Amino acid sequence: MVIDDDVLVLDGMRGILQSWGCRVHTAASGAAALASVADGGEQPDLIISDLRLADGESGIEVIERLREALSSPIPAFVISGDTAPERLREASTGGYHLLQKPVSPMTLRTTLNRLLKSRETRAPSPHASEG
Amino acid sequence: VGVALFKNVGVALHKRECLLRFLPDIRYGTENYPENVARRLRALNLTAWCAAAIAAFCFASYVALEFLDPRPGLWKAGVVYALAASIWASVPLLHRFGTLWGPLILILTANAYFFAITCLFGTGIGLQMCYLTAGAITAVILGTEHILLSAVLGVLAVLQIVVLQIMVPYSTGLFDSGTLLANFAFTVTVTMATLIAIGVLTLREAERAEANLEEKSRQLEMADRYKSHFLASASHDLRQPLHALNLFGAQLPTEKKPAERKRLVSRIDASVASMNELFEALLDMTKLEAGTCRQIRPSLRSSGCSTASKRHSPHQQKRRASACASSDAARGYAAIRSCLSVSCSIWWATRCATQRAAVSWLVAAAVPRSCASTFAIPAPAFLRISARAYSASSTSWRPLPRIARRASDSALPSLIGLAACSATRCNCSPIPVAVRVSRFWSRWRPNSETQCSYRRRCRLPTSRGASG
């Protein structure tokens, strides 16, 4: 599940993740992400969210809400173009891995693999891809 | 009765205003100095005028005393008071020669005045205490930058006090002991009051300076915070398309399908365009800060709202759309109002056919100026329309059908433009449409005399030149 308020970024993320063989669900806001999960969509293996979403929404809050709605500690990391210290502090205090935009595809893939592997070691999943 | 009363009150107020105009202003002579210097000079003006008023009062008292109880030698005191009053009253005139002349003349005159009066009446009058007040005023007015001058003047004052105490007797016999005591009490009271006032003023000045400093530091902190916030936002907004560019760029080499490759290239183009737009905006901000940017008046030609880019996120598109809608509505409203006012003016111009001068003034001056400035309508459009109306009115002595034809030649295109714009939901401006319609109208009319007439009068470029 990729959450970002920028259409270009969403498109790019969807494209690159699909090229790596992932099933990707995208959402432009927290409400859209919750709606896609609530509509009987499958549980995502991984959540990638922008830190600062539209209308002052925080990516971390959206991840928390998604986890709460699905009652599962789904692995997640945040991507941010923000350089404001309070934003970075917010991510680090929440215990989330933060990638600074622009993220190179190599870094993205490494983080993705690391988090998915950690999920598999905790609770083996029937899906090998995120969705 | 009411009208007469009103008139009388008006005349009285006018007289009062005229009188007030001749009263001295505390800012006199300080206008050309920076605020910190001017404030000090204003305090000096106030001090000088207060001292002049006291000296003038003393002079008047001594003149009265001379008539009531003439004593030999009393006129000398009167002369001293008159001289001191006139010199102190003219202290503000000295500011034009520099900031030091006023204070120096005030203090030196005060010293001479204290010395002369004490010599005349004796030390029992207590005027030597005023040297202390003069010293305090000197330090306050001259400030810390002239501390040496203040010290020299202070030493001079001390020497004068010592000389007076040694040389001058307690009473010279001009005043009896009771009058001397009364003068002493008055002098001491005035001295104490002045010293307290100086202390309070100094404290107030210090508080003001402190408040100014706090305000300045608060403003600096806020500016710093805004700058940080701006940099963070700019960084965020610039990283966004760069990130997308990275992702699309990574997909491109591995993509085999031509259609998908084409789509990726278009997305890369969109990312680059977005970055360009941001850099342009940043550059414009820098230009604005540097003051090298020309102000661009809002154009009514195209709102550009219909071309909302698809690369923006939904919330950005929503925000832009709402901003554009309100801006469109405002522009449309302004344009309709302007168009109506122009049409009304043209109608009025044709009605007042005999008053050619008034018409030409109204149309050529009032309409373009008021409408163009109020509604930010492009000036050439107004010029054309008003020139058209002018030419219609200028031939107002001719037979009526011709005037009516000219008026229709001017007003009809405007109304057609208005109707056309209303029909197209104000996506374009009525004025350019009106001008275009009028051009079309004039071109296809068998006799486009009006067009030629206004071009000749206003020396406007030809329609081909203007459109080119």
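Throughout, a chain's letter reflects where its sequence line sits, starting with A, and its residues are numbered from 1. Every heavy atom of this structure was used, including side-chain atoms; hydrogens, water molecules and symmetry mates were not. Small disclaimer: the values here were computed from a predicted structure and weren't measured.
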Rounding to 0.5 Å, atoms CG (A:Asp6) and OG (B:Ser271) come to a distance of 8.5 Å

Closest contact, heavy atoms only, A:Pro105 versus B:Asn246: CG-O, 4.2 Å

Taking atom CD of B:Gln240 and atom CG of A:Asp5, what is their separation to the nearest 0.5 Å? 6.0 Å

Quick one: are A:Arg14 and B:Leu247 in side-chain contact, heavy atoms under 4.5 Å? no

If you look at every heavy atom in A:Leu8 and B:Phe248, which pair is closest and at what distance? O-CZ, 3.4 Å

Basic-acidic side-chain contact under 4.0 Å: A:Lys101, B:Asp237: no

Under 4.5 Å from a heavy atom of chain A, the part of B:Thr254 involved: neither

Let me know if A:Met106 has heavy atoms under 4.5 Å from chain B in its side chain, its backbone, both or neither. neither

Any non-hydrogen side-chain atom of A:Gln100 less than 4.5 Å from a side-chain atom of B:Arg239? yes

Might you confirm whether atom NE2 of B:His229 has over 12 heavy atoms from other residues, nucleotides or ligands at distances under 6.0 Å? no

Could you pull out the closest heavy-atom pair between B:His243 and A:Val103, with the gap in Å? ND1-N, 3.1 Å

Rounding to 0.5 Å, atoms OG (A:Ser19) and CD (B:Glu255) come to a distance of 8.0 Å

Contacts table for residues 65-72 of chain A: side-chain donor-acceptor under 3.5 angstrom, sequence neighbours left out:
| from | atom 1 | to | atom 2 | distance (Å) |
| --- | --- | --- | --- | --- |
| A:Arg65 | NH2 | A:Glu57 | OE2 | 2.9 |
| A:Arg67 | NE | A:Ile74 | O | 2.8 |
| A:Arg67 | NH1 | A:Tyr96 | OH | 3.3 |
| A:Arg67 | NH2 | A:Ile74 | O | 2.7 |
| A:Ser72 | OG | A:Gln43 | NE2 | 3.1 |

Considering only heavy atoms from C-beta outward, does the side chain of A:Asp11 approach that of B:Arg263 to under 4.5 Å? yes

Given that the side chain runs from C-beta out, which part of A:Leu10 has a heavy atom under 4.5 Å from chain B: side chain, backbone, both or neither? neither

Assess whether atom CD of B:Glu210 is packed by more than 12 heavy atoms of other residues, nucleotides or ligands within 6.0 Å. no

